[in-house]
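These notes concern the structure reproduced below.
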Amino acid sequence: WTRRLGTGRSLHYVPWGVWPQGTSEKQRADARQALGIDARSRVLLVFGVQAIRRKHLDTLREALSALAPKKPLTLLFVGASLEQEGHPFTDWQREGIEVRIVDGFIPENSVAEYFAAADGVWANYRTFPGASGVLLQAMGFGRLSIASSEGEIGILCRQHNLGLMVDPTGVSHLKTILEEFIMMPAERQRAWERDIAATAMQYAWPNIAAQVLAKLDLDKIRNPLSV
């Protein structure tokens, strides 16, 4: 990375830091009503209509095609599609599963509403080595993720119990994880969300910035010629 960015050894990478925006049960109910989503449905929010393979959307479709959900499920896709890349859920239908595709970027002031409406956030990015910004946003909003077990996403999820992790090998394990997500008891969901919200406060940007600043020699930064 330092070679690619041309920064030599001077690069300081701060990977974790969120702006916590906890959401209440009333906000969840209000968001679903505003978006026209059935209050009884389990809602999986998927940011990014593009990058089909990297985001495992092809695997998601295959797993859901083999699933007979015992509770209604709503898939809420948000993001601008690419002309050369067809979306695998266009015209896809399955009993008990509603698919919504918002083809375009939503306004910044609407992001909180979409996270509030969700029960889970898709962060399954195959073997992507970094940490998806969506995972950090989900943490900030106190929402659990269905996430990669690989890369920095997997490290974060294991370290802080941010969600259900998916084995990268194929469809079978994802199907099991989706069944667990759909049938998750409300008490377990709420307890998990409270723990994630507490983790978000731990990694809030003011705390992260304070830790970074505490380690810096500010005199040398203000007077670079003295280094």
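Residues: numbered from 1 along the sequence shown. Keep in mind it's a predicted model, so treat the numbers as computed, not measured. Keep in mind that the numbers below use all heavy atoms, side chains included, and drop hydrogens, waters and symmetry copies.
Contact detail for Phe89 and Leu75: the closest heavy-atom pair is CE2-CD1, 3.6 Å.
Taking OG of Ser172 as the reference point, atom CD1 of Ile177 lies at 10.5 Å (rounded to 0.5 Å). Taking CZ of Arg190 as the start and CZ of Arg194 as the end, the distance is 9.0 Å to the nearest 0.5 Å. Atom CG of residue Asn161 and atom CG of residue Leu156 lie 12.0 Å apart, to the nearest 0.5 angstrom. Met184 contributes atom CE, which lies 6.0 Å from atom CZ of Arg42 (distance to the nearest 0.5 angstrom). Taking CD1 of Ile146 as the reference point, atom CG of Leu45 lies at 11.0 Å (rounded to 0.5 Å).
In this structure, Trp122 contributes its side chain and Lys55 its backbone to a donor-acceptor pair below 3.5 Å. A donor-acceptor contact shorter than 3.5 Å links the side chain of Arg94 to the backbone of Leu67.
Other residues, nucleotides and ligands contribute more than 12 heavy atoms inside 6.0 Å of the CE atom of Met183. Around CD of Glu62, the count of heavy atoms belonging to other residues, nucleotides or ligands within 6.0 Å does not exceed 12.
Between Tyr203 and His160, the ring planes lie perpendicular to each other; the angle is over 60°, past the 30° to 60° tilted range.
Every residue meeting the salt bridge (Lys or Arg N to Asp or Glu O under 4.0 Å) condition with Arg100, not counting sequence neighbours, appears here in chain and number order: Glu98. Scanning for salt bridge (Lys or Arg N to Asp or Glu O under 4.0 Å) contacts around Asp167 gives an empty result, with sequence neighbours left out. The side chain to side chain contact (heavy atoms under 4.5 Å, CB included) search around Thr23 returns Gln27, Ala116, Phe141, Arg143, not counting sequence neighbours.
A salt bridge does not link Asp38 with Lys71: every distance from a Lys NZ or Arg NE/NH1/NH2 to an Asp or Glu carboxylate oxygen is 4.0 Å or more.
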